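Encoded as structure tokens, the structure appears first; notes follow it.
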There are 2 protein chains.
Amino acid sequence: MAEKLRNESLELSGIAAAALGATEPIQVKFDASPGEEKPTERISIRDVAKEAGVSVATVSMVLNENPRISRATHIRVQRVIDNMGYRPNRLAQSLSSRYTQVLAVMLPPLRHAFADAYFGEILSGISDRAGKLGHKLLIEQAKPQYIKEGKHIELYERRFVDGVLCLGFNEKHTFLSDLRQYPMILVDNRFGDGMLDYVHCDYRMGAKQAMNCLLQLGHRNVGMIYAAPESPTARDVLEVYTTELRNAGIDPKESWLADGCFTDEGGAAAAHLLTTRDKDITALLCGNDKMALGAIRYLVEHGHKVPQDISVVGFDDIQHLAYANPSLTTVHLPLYELGVAACERLVNRIRGKVDRVTDVLPTHLVLRESTSIVRTR
Amino acid sequence: MAEKLRNESLELSGIAAAALGATEPIQVKFDASPGEEKPTERISIRDVAKEAGVSVATVSMVLNENPRISRATHIRVQRVIDNMGYRPNRLAQSLSSRYTQVLAVMLPPLRHAFADAYFGEILSGISDRAGKLGHKLLIEQAKPQYIKEGKHIELYERRFVDGVLCLGFNEKHTFLSDLRQYPMILVDNRFGDGMLDYVHCDYRMGAKQAMNCLLQLGHRNVGMIYAAPESPTARDVLEVYTTELRNAGIDPKESWLADGCFTDEGGAAAAHLLTTRDKDITALLCGNDKMALGAIRYLVEHGHKVPQDISVVGFDDIQHLAYANPSLTTVHLPLYELGVAACERLVNRIRGKVDRVTDVLPTHLVLRESTSIVRTR
DNA sequence: AGATTTTGTTAAACTGATTAAACAGTTAAA
DNA sequence: TTTAACTGTTTAATCAGTTTAACAAAATCT
């Protein structure tokens, strides 16, 4: 922290000073001429062909690096292309070739889906990978009306995209089965037991790591704030939670479970429910970091010390939450890598790979301050 | 809060119970046949024309609701279209018409740009509006390499999009001037004094509201955590800050200013700098909520009570931060509406409207718990 | 009734690329 | 020497729509 505090804002020079006194406008350079640009005539492949003295087919093949073009011709034509500043129209390219080079990311119709750290991290991975693979990204939200109108199918049928990455959905979202026949990857979940391609984090491993940690710290009355039990990966966590308790000779009670809806407030509400229903709970396993944060906030505000009275473990390892107080012990999900993998697999699928995709990425526990050895009474 | 805590998770019925015992797989229905779908032959406009006994031109005109088509023909052809389940290929449509019906959202190359509450809120507005106007959204990040390769220009030249919305940029980002000749809206900033279309929040108004509040509470030694002083809107805040102090007969000191880089940690670092440099500061005006949160975290952790010792005001009014402790007094920026407006204006521009866009949206102060009357010594 | 306008439809050109098939010109094999 | 196999390039068809100009038929005006 001391490190962090030092390197910022030691210089208060020109600009801030200027704000205090005269307001000197920053100079902005424009490289082009000051007047209106001539609406440059669109250069087509035919213009290039004419200029280079070859056929359009040749230019096209140069563009696509077709090996049937000789080295000499390639260089000559490429030079003309560069000189003329020709850029192929990708609508025409996509129309005649089979591919649009565009992927869609489908998000659930949540009000803050675009501002969500969980989605954001996956999206980062997808975006980086898609860029490298030469694909653009379309963002869509699966609102009820949208699905009703079949817009998700139009995405393919009208050739908007070559494939779709679905984030934040589960088996309740039956529209997913409409996309079964097209290139599609379900991200961070499964569906209908292998009906769809998927890539998800190993929630069973994560749950085991979290439970191991809590049990080793001596906790026996462990509550769980889950969410979306219709989601297979969420059920994985619930199952491992109960199994691990049983393996430790503990009989999990129903009163130890509460739904936190994956939200901050939901987590707080669930913490309230659990702690009032069972005073003996000494630890909480939470289905994601947001709920864990909500739970901690509730606990602290209501006189429970974290971790002295109650330990809390989250899931996700969202950035910037490491700075929370107490900082959160949590299962790190490789969300960025998940996005990368999903994107990679999808593009392979589009390019004709036929094997079903069923990747499961490993997790690890990040031990921070929200857990401690069980309190002795 | 009591309200919030009650309505959640009172029922622990089937599914959670199932997790504790037997694991009954959820049934998923598929409406289509179980085998592989036949790769349905693509239906083209010519097929529709033949089936309906009219020319392709007629079908096209029905599709585009051209008034030259008679009511009778329209209905007849539309029925055939519906029966055949025909969906026009939009690549072909875009190729021959002038428009792609796609907009790009350009984000700065920050690691967590996709998970940012500020961008997320604007994006929500853009997305909703774009959907209603029949436009798709492409997301791009202006990484240095990306700009160097001229990909931002390709967006238009290769006909990926009709227009671009630029979020989170300022006058330092000179690539913006490359896009001057195309439909583009700079969102939440100005550039080169009216060289580009823009839509931004009224930061001057916001700063005035914040300073009024602090001055009325009796604060005279008011520090400011700013960021990105190269940004015109950020300079607006700095200017109003100094002006308002001077109007109140206070001479702003340079030591009251620190750059917080718009980040959480930056805010904490700036708070450290300001409070150690000048012990008399009783209030902090912060350029955004993230820095304000960082500042509060630092202050609380270092023995300053907020708001009793130091009041803090933010900018943005990010969701979910209302729940922080203490909750944050902040200038509400209409970010969702900003996105809506920007999108609306951009589409107008694309459709031929020529007037320069220079919208400025009003702000208001949201008074919460992080401000109080100045401490008396 | 004949000329003019309006209305509805169509043929054909056009958008800007890809690609299969054809075609010369070489080179290698029989 | 003839045939076969390559090479490198071009011709022409194709992708799936929009749009302009032309045209016939019906309606309106002298």
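Just the heavy atoms: all of them, side chains too, but no hydrogens, waters or symmetry mates, feed the values below. The sequence lines fix the lettering, A, B, ..., with proteins before strands; numbering per chain opens at 1. Owing to the predicted nature of the structure, the values given are computational and were not obtained by experimental measurement.
- In the region residues 65-84 of chain A, proximity to DNA chain D at under 4.0 angstrom, judged on heavy atoms, holds for A:Arg68, A:Ile69, A:Ser70, A:Thr73.
- A salt bridge (Lys or Arg N to Asp or Glu O under 4.0 Å) check over residues 189-198 of chain A, counting only residues at least two apart or in different chains, returns the pairs A:Arg190-A:Asp236, A:Asp197-A:Arg349, A:Asp197-A:Arg356.
- Atom-to-atom distance recorded for A:Thr100:OG1 and B:Phe160:CZ is 9.5 Å, nearest 0.5 angstrom.
- Taking the charged nitrogens against the carboxylate oxygens, A:Arg90 and B:Glu154 have no contact shorter than 4.0 Å, which rules out a salt bridge.
- Rounded to a whole Å, the NZ atom of A:Lys50 is 19 Å from the C1' atom of D:dT9.
- Using modelled atom types and a 3.5 Å distance limit, the side chains of B:Tyr198 and B:Asp188 yield no donor-acceptor pair.
- Scanning all heavy atoms of the two residues, the minimum distance from A:Gln141 to A:Met106 falls at C-SD, 4.1 Å.
- Axis orientation changes by 50° from one end of the helix from C:dA1-D:dT30 to C:dA30-D:dT1 to the other, with each end axis drawn from 5 pairs and the value rounded to 10°.
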Result block: side-chain N/O donor-acceptor pairs under 3.5 angstrom for residues 74-81 of chain B, not counting sequence neighbours:
residue, atom, partner, partner atom, Å
B:Arg76, NH1, B:Ala52, O, 3.2
B:Gln78, NE2, B:Asp82, OD1, 3.2

Return the polar atom pairs (N/O with N/O) between nucleotides 26-28 of chain D and the protein under 3.5 Å, or none.
none

Sequence neighbours left out, cut at 3.5 Å: what donor-acceptor pairs do the side chains of residues 123-131 of chain B make with other protein atoms?
residue, atom, partner, partner atom, Å
B:Ser124, OG, A:Arg111, O, 3.3
B:Asp128, OD1, A:Lys143, NZ, 2.7
B:Asp128, OD2, B:Tyr336, OH, 2.4
B:Arg129, NE, B:Glu344, OE1, 2.6
B:Arg129, NH2, B:Glu344, OE1, 2.9

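- Checked against salt bridge (charged side-chain N to carboxylate O under 4.0 Å, His left out), A:Arg351 has no partners two or more places apart in sequence or in another chain.
- B:Arg345 pairs by the salt bridge (charged side-chain N to carboxylate O under 4.0 Å, His left out) definition with B:Asp359, not counting sequence neighbours.
- Here the range on DNA chain C touched by chain A, meaning any atom under 4.0 Å from one of its heavy atoms, is C:dG16 to C:dA21.
- Screening residues 122-157 of chain A for ring pair (Phe, Tyr, Trp, His ring centres under 6.0 Å) gives A:His152-A:Phe175, A:Tyr156-A:Tyr182 as the qualifying pairs, with residues at least two apart or on separate chains.
- Contact detail for B:Asp47 and B:Ser44: the closest heavy-atom pair is OD2-N, 2.8 Å.
- For residues 54-63 of chain A, there are no salt bridge (Lys or Arg N to Asp or Glu O under 4.0 Å) pairs, not counting sequence neighbours.
- The minimum heavy-atom distance between B:Pro334 and B:Leu361, with the atom names listed, is CG-CB, 3.8 Å.
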With the criterion being N/O to N/O and under 3.5 Å, what pairs connect the protein with nucleotides 16-19 of chain D, and how long is each?
residue, atom, partner, partner atom, Å
D:dA16, N7, B:Arg46, NH2, 3.4
D:dG17, OP1, B:Tyr86, OH, 2.9
D:dG17, OP1, B:Asn89, N, 3.0
D:dG17, OP2, B:Ile45, N, 2.7
D:dG17, OP2, B:Tyr86, OH, 3.2
D:dG17, O5', B:Tyr86, OH, 2.7
D:dG17, N7, B:Arg46, NH2, 2.6
D:dG17, O6, B:Arg46, NH2, 3.4
D:dG17, N3, B:Ser96, OG, 3.3
D:dT18, OP1, B:Asn64, ND2, 2.9
D:dT18, OP1, B:Gln93, NE2, 3.4
D:dT18, OP2, B:Ser60, OG, 2.3
D:dT18, O5', B:Ser60, OG, 3.4
D:dT18, O4', B:Ser96, OG, 3.0

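- Residues B:Ser177 and B:Thr174 bring no donor and acceptor atom of their side chains to less than 3.5 Å of each other.
- A salt bridge links A:Lys136 with B:Glu140: the distance from a Lys NZ or Arg NE/NH1/NH2 to an Asp or Glu carboxylate oxygen falls below 4.0 Å.
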